[in-house]
Every structure is written in structure tokens, then in C-alpha cells.
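First comes the structure, then the notes that go with it.
Note that the structure is predicted; figures quoted are calculated from it, not measured. Throughout, numbering of the chain's residues begins at 1 and tracks the sequence.
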Amino acid sequence: MDERTARTALAAASRDGHLALRRAERQQWLVERLHAARGEPVTLETLARELGVSARTVARDVERLRTSGVPLAVRRGRTGGVSLAPAPAVLRVELDVAEAGARMSALALVGTTASPSAGSAMRKLATALSRGIA
């Protein structure tokens, strides 16, 4: 592979990684935004405007989240929108060390400064792991 082809491949890989990171940040933001709406539907257009992306991009992100198991409801039509099933403010979740590590690596990818909840989740996971190891 010549140098120009290698540079082109590296640039493409970099863009793909950047796009995946932006997608992960948007999806985290969507879950937080929909949780704050307390079960009330929010239109794709509103979410798109707030994120600075197209409604189609939000629709793809919503579908990825739904496919991943996030309990999102989508209602079509004039009074439609996307909503997150109401949940308590604090959830109890049991994770083994490998599962906690998987969550921490995902948070590290997005960055713990991406949102207050990302930083908080990382601190809680790190504290739980340090207590389990000590």
C-alpha cells in the first residue's frame, strides 16, 4: 500500500471512529433528555433541533437505542414523539466485575466529561470496584 492510500485509509478510519463517538454521545444525551421529560413524548424535530442534527439522525439513534433494549416508546402522528418509560431516580443494578469493566470502558470512550451523569456513573463504578478489591 502506498503512502497516499495509507493516509486515505487512516483518515477514513478516523472519521468512522469520530462518527461512532458522536453517535454514542447523542444517544447518551437522548436517554438523559427523555428521562427529564418524565414519560411525556418529545418530537423528533424538537430533539433534532436541540442536538443540531436532522430528525432522520435522531430517528436512527432512537432505533439503535430501542434495538439495544432501552425502553423507548415511539408514537407517530401529530401528537406523537418519543418517550422513555418512567423509572425511579435511582436504580439498583447488580454487575459482576467484568460487566462493570465493560460499562467503564464504554464511559471512557464517550468521556466522563460528556455529561454530569457520565462522570457520576464512572465515579460510582470505580468506587464499587475499589471496595470489592480492597
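Within the 4.5 Å cutoff, no side-chain heavy atoms of Val70 are placed close to those of Leu30. Between Val42 and Val82, the closest side-chain pair of non-hydrogen atoms is not below 4.5 Å. Contact annotation: the side chain of Val62 never approaches that of Gln27 to less than 4.5 Å [non-hydrogen atoms, C-beta and beyond]. By the 4.5 Å heavy-atom criterion applied to side chains, Trp29 and Asp61 are not counted as neighbours.
Considering OG1 of Thr46 and CZ of Arg33, their distance stands at 7.5 Å, rounded to 0.5 Å. Here CZ of Arg23 is found 10.5 Å from CG of Leu65. Values are rounded to the nearest 0.5 Å. Note that OG of Ser83 and NE2 of His35 are 13.0 Å apart. Values are rounded to the nearest 0.5 Å. One finds the CZ atom of Arg38 at 12.0 Å from the CG atom of Leu84 (value rounded to the nearest 0.5 Å).
Atom CZ of Arg60 is surrounded by more than 12 heavy atoms from other residues, nucleotides or ligands within 6.0 Å.
Leu107 and Leu91 fall within the same hydrophobic cluster, defined by Ile, Leu, Val, Met, Phe, Trp and Tyr side-chain heavy atoms under 4.5 Å apart, directly or through other members. Transitive grouping of hydrophobic side chains (ILVMFWY, heavy atoms separated by less than 4.5 Å) brings Leu51 and Val74 into a common cluster. Tracing side-chain contacts under 4.5 Å through hydrophobic residues (I, L, V, M, F, W, Y), one never reaches Val31 starting from Met104; they form parts of separate clusters.
Nearest heavy atoms, Ala48 versus Ala55: CB-N, 3.5 Å. Minimum heavy-atom separation, Gly80 to Thr43: O-CG2, 3.7 Å. Closest heavy-atom contact between Ser115 and Gln28: OG-NE2, 2.5 Å.
Side-chain atoms of Ser120 never come within 3.5 Å of backbone atoms of Pro116 as a donor-acceptor pair (strictly under, hydrogens ignored). A side-chain donor-acceptor contact under 3.5 Å links Thr67 to the backbone of Glu63. In this structure, Glu40 contributes its side chain and Ala37 its backbone to no donor-acceptor pair below 3.5 Å. Remark: the backbone N or O of Arg123 is paired with a side-chain donor or acceptor of Thr127 at under 3.5 angstrom.
Thr112 is linked by a side chain to side chain donor-acceptor pair (under 3.5 Å) to nothing, counting only residues two or more places apart in sequence or in another chain. Considering only residues two or more places apart in sequence or on other chains, Arg75 meets the salt bridge (charged side-chain N to carboxylate O under 4.0 Å, His left out) condition with none of them.
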